[in-house]
Peer 1: 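Got a structure here, written out as structure tokens. Questions coming.
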Amino acid sequence: IDESILPEDFHLFTQLFMAIKSGDTKTQSDLEVRFIAGDKKTKWLSINLAPIKINDELHISIIVIDVTAKKMAKLILERERKALHLFVDATINTNSIVDLCQRVLEGLTATLRLEKGSIRILDSNKNLLLPLACVGLTEKERRDLVPLSITDLEAPLAKIARSKQKIFAPDITKEPMLAKTNLREKFGFYSYISWPILNASGKLLGNIQMGSCQILDFNEEDKIFFETISGLFSNAIEKMQAIDDLRESEGRFKRTVENMSDGITIIENDKIIYVNDRVCQIFGYSKEELMVLNPYTLLLDKYVTSHQVRKALEGADYSFGDEFWIIQKNGARRYVNNRYSAELADGKLKRLYIVTSDITERKLAEENLRLLNEELEQRVKERTAQLESVNQELETFSYSVSHDLRAPLRSIDGFSKALYEDYDSLLDEVGKDYLTRVRSACQRMAQLIDDMLALSRFTRKEIRKELVSLSGLAS
């Protein structure tokens, strides 16, 4: 036993033995020491020393009990308790996955008495294992700790991570999976642990790598311990990733809302609980001022407050909108369009969401367009009256001209006819032809006058549409 007890524990055994031998009854007679068994494995012994006198001679009774299983169970329980405390503390007191990984790695290396380690987390979008935490590495070793492609068929560490293999190697030179790696040359490792971080469904989340520059004696309890803490770690990572995703989503939403061209207001229990910067610009108040104002006297029209919100409370209408003029803090008037969405709970208004658009320029443009249309209509009426007056004068002129021209034409035609009939015997054929031509010209002139009158009357008739064959007209 003396030769098998580890040197660091042997002096404790010697001190107890000498104290018992000298008759010291106050010294604790029980002692737990480590020793090397025949199979070269470290075990724990509980040694009880008791003095016995036989024939006035002092003898020492030594009772040795193998308490390795009990001791290992106690150590495992203590390590798991520390690990649980570590994960709880890391999860509560960290704000990012990087901080979580760093805290966990520091705790694990200290618990397992390992000098160096790193944690990589998988970026599934890029298929890269990204180094997020390291312990004990030199500056050069940190620079060599680069992202690792999970699809790299040549990299041994990528193959280990991809296969989700769990490696506990007391001596890396005897581990086939590590034969082609440069862990010994790059990091000085003799003992090495590579453990996949898997979620409940077996999906790879990352990988833990730790090592020692000494050959360590990893046992089955170490593997059980690692199995336990890897499950805790994967839960913590997924929770932190969900928090990071939520934080990123909230950040995107906030940036989107804050940069919108429309104002966003949320009212809860008749109080404003949120406004974006655009609301402040539209109404001319700061966020602090808006938060203490009565929303129904500023953000909503009286008609909306008394009528449409009441309908929303009754569940008759969940969304509605209106347009009205507002008075800014500096007294300026703006015209806004509000769109409301009511969230009800048990038939009562829980929240009211308001989207406000400043449409002052559009309203002014519409007003200017209305005034311009009215002005154009007035001008058209005036020009129409002028045209009607001109047409009336033209018609009167045409009637007068036609009436004045008809009398001379009738005289010429009448006298030509009388001359032709009464003096027929005195006229030769040439004279008769001249008279015929005069009468024919008078008749054509009369027809032209009738056509002019018909044309003047035609402009006053209603337009009548009908189909016309252009081919027929052309032919």
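None of the values given here were measured: they were computed from a predicted structure.
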Peer 1: Where do I327 and R333 land on the side chain to side chain contact (heavy atoms under 4.5 Å, CB included) test, with the steps shown first?
Peer 2: CA-CA 5 Å; I327 306 297; R333 298 174 74 244; 3.5 Å; yes
Peer 1: Evaluate the criterion side chain to side chain contact (heavy atoms under 4.5 Å, CB included) for residue pair S234 and L198; output intermediate values, then yes/no.
Peer 2: CA-CA 6 Å; S234 65; L198 308 175; 5.9 Å; no
Peer 1: For residues 125-148, pull every pair meeting salt bridge (charged side-chain N to carboxylate O under 4.0 Å, His left out), keeping only residues two or more places apart or in separate chains.
Peer 2: K116-E141, E139-R142, K140-D144
Peer 1: With distance as the sole test, does K287 use its side chain to make a donor-acceptor pair with the main-chain N or O of Y274 at under 3.5 Å?
Peer 2: no
Peer 1: Can you confirm whether E366 sits close enough to L369 that some side-chain heavy atom of one is under 4.5 Å from a side-chain heavy atom of the other?
Peer 2: no
Peer 1: State, to 0.1 Å, how close S149 and A158 come at their nearest heavy-atom pair, and which atoms those are.
Peer 2: O-CB, 3.3 Å
Peer 1: Q102: what forms a side chain to side chain donor-acceptor pair (under 3.5 Å) with it, not counting sequence neighbours?
Peer 2: E106
Peer 1: Grab the two heavy atoms, one from D358 and one from Y335, that are nearest each other, plus how far apart they are.
Peer 2: OD1-O, 3.4 Å
Peer 1: Check for a donor-acceptor pair, side chain of S249 on one end and backbone N or O of D245 on the other, with a separation under 3.5 Å.
Peer 2: no
Peer 1: Show your working on side chain to side chain contact (heavy atoms under 4.5 Å, CB included) between I266 and L352 and close with a plain yes or no.
Peer 2: CA-CA 6 Å; I266 302 177; L352 185 64; over 6 Å; no
Peer 1: Which heavy atom in L105 sits nearest to a heavy atom in G117, and how many Å separate them?
Peer 2: CD2-O, 3.4 Å
Peer 1: Any heavy-atom pair between the side chains of D244 and I97 that's under 4.5 Å?
Peer 2: yes
Peer 1: So does S191 get a backbone contact from the side chain of S212, meaning a donor-acceptor N/O pair under 3.5 Å?
Peer 2: no
Peer 1: Backbone N or O of C280 within a donor-acceptor pair of the D277 side chain at under 3.5 Å?
Peer 2: no
Peer 1: Could you tell me the separation between the CG atom of L145 and the SG atom of C134, rounded to the nearest 0.5 Å?
Peer 2: 6.0 Å
Peer 1: Let me confirm one number: the CG-CD1 distance from N207 to I119, rounded to the nearest 0.5 Å.
Peer 2: 9.5 Å
Peer 1: Taking everything shown except K271 itself, do over 12 heavy atoms lie less than 6.0 Å from its NZ?
Peer 2: no
Peer 1: Taking side chain as C-beta onward, heavy atoms only, is R339 less than 4.5 Å from N337?
Peer 2: yes
Peer 1: With respect to I282, which candidate in V275, I326, D262 satisfies the side-chain contact (heavy atoms from CB on, under 4.5 Å) definition?
Peer 2: I326
Peer 1: With sequence neighbours excluded, what pairs up with Y190 under the ring pair (Phe, Tyr, Trp, His ring centres under 6.0 Å) test?
Peer 2: none
Peer 1: Hey, are S471 and S469 close enough side-chain-wise for a donor-acceptor pair under 3.5 Å?
Peer 2: no
Peer 1: Just checking, is any N or O donor in the side chain of N368 or R370 under 3.5 Å from an acceptor N or O on the other one?
Peer 2: no
Peer 1: Verify side chain to side chain donor-acceptor pair (under 3.5 Å) between Q209 and S118, making sure each step is shown before the conclusion.
Peer 2: CA-CA 5 Å; Q209 298 180 61; S118 66; 4.6 Å; no
Peer 1: For the ring pair Y285 and F283, is the centre-to-centre distance below 6.0 Å?
Peer 2: no
Peer 1: Work out which heavy atom in W44 is nearest to a heavy atom in D66; give both atom names and the distance.
Peer 2: O-OD1, 3.2 Å
Peer 1: How far does CG of N235 sit from CE of M240, to the nearest 0.5 angstrom?
Peer 2: 12.5 Å
Peer 1: Apply the test side chain to side chain contact (heavy atoms under 4.5 Å, CB included) to residues V146 and L148: give CA-CA distance (whole Å), side-chain angles for both, the deciding distance (0.1 Å), then the verdict.
Peer 2: CA-CA 6 Å; V146 296; L148 184 65; over 6 Å; no
Peer 1: So does K71 have more than 12 non-hydrogen atoms from other groups sitting under 6.0 Å from NZ?
Peer 2: yes
Peer 1: Kindly indicate whether the side chain of L128, heavy atoms from C-beta on, has any atom under 4.5 Å from the side chain of I150.
Peer 2: no
Peer 1: Hey, what do you get for CG (N338) to OG1 (T356), rounding to the nearest 0.5 Å?
Peer 2: 3.5 Å
Peer 1: Would you say the side-chain atoms of Y192 and E175 include a donor-acceptor pair closer than 3.5 Å?
Peer 2: no
Peer 1: Any ion pair linking E367 and K363 (charged N to carboxylate O, less than 4.0 Å)?
Peer 2: no
Peer 1: Within the distance-only criterion (no hydrogens, no angle test), does the side chain of T109 pair as donor or acceptor with the backbone N or O of E115 below 3.5 angstrom?
Peer 2: no
Peer 1: Counting C-beta onward and ignoring hydrogens, is there a side-chain heavy-atom pair between I167 and I193 closer than 4.5 Å?
Peer 2: no
Peer 1: Report yes if the side chains of L178 and L183 come closer than 4.5 Å at any heavy-atom pair, otherwise no.
Peer 2: yes
Peer 1: Tell me, which pairs form a ring pair (Phe, Tyr, Trp, His ring centres under 6.0 Å) where one or both residues lie in residues 104-147, sequence neighbours left out?
Peer 2: none
Peer 1: Mind jotting down which residue pairs meet the ring pair (Phe, Tyr, Trp, His ring centres under 6.0 Å) criterion with at least one end in residues 147-168? Sequence neighbours excluded, please.
Peer 2: F168-W195, F168-F218, F168-F226
Peer 1: For E154, does the CD atom have more than 12 heavy-atom neighbours from other residues, nucleotides or ligands under 6.0 Å away?
Peer 2: no
Peer 1: Kindly indicate whether the side chain of C101, heavy atoms from C-beta on, has any atom under 4.5 Å from the side chain of F233.
Peer 2: yes
Peer 1: Does atom CZ (R113) have a neighbourhood of more than 12 heavy atoms from anything else shown, all under 6.0 Å?
Peer 2: no
Peer 1: Under 3.5 Å, is there a donor-acceptor pair between the side chain of R351 and the main chain of E268?
Peer 2: no
Peer 1: Atom CG of L157 and atom CZ of R162: how far apart are they, to the nearest 0.5 Å?
Peer 2: 11.0 Å
Peer 1: Does E377 pair with K381 as a salt bridge, N-O distance under 4.0 Å?
Peer 2: no
Peer 1: Taking side chain as C-beta onward, heavy atoms only, is V279 less than 4.5 Å from L290?
Peer 2: yes
Peer 1: What do the steps show when you test K254 against E250 for salt bridge (Lys or Arg N to Asp or Glu O under 4.0 Å), and what is the final call?
Peer 2: CA-CA 6 Å; K254 185 175 181 179; E250 288 177 346; over 6 Å; no
Peer 1: Are the side chain of R120 and the backbone of G206 linked by a donor-acceptor contact shorter than 3.5 Å?
Peer 2: no
Peer 1: Identify the two heavy atoms, one from R278 and one from M260, that lie closest to each other, and give their separation to 0.1 Å.
Peer 2: CB-O, 3.9 Å
Peer 1: Shortest non-hydrogen contact from V257 to N276?
Peer 2: O-ND2, 2.9 Å
Peer 1: Not counting sequence neighbours, which residues clear side chain to side chain donor-acceptor pair (under 3.5 Å) with N127? List them please.
Peer 2: none
Peer 1: First locate atom OG of S357, then atom CD of E323, and finally report the distance between them rounded to the nearest 0.5 Å.
Peer 2: 9.0 Å
Peer 1: Test R334 against E361 for salt bridge (Lys or Arg N to Asp or Glu O under 4.0 Å), laying out the working first.
Peer 2: CA-CA 9 Å; R334 306 296 294 178; E361 283 69 27; 3.3 Å; yes
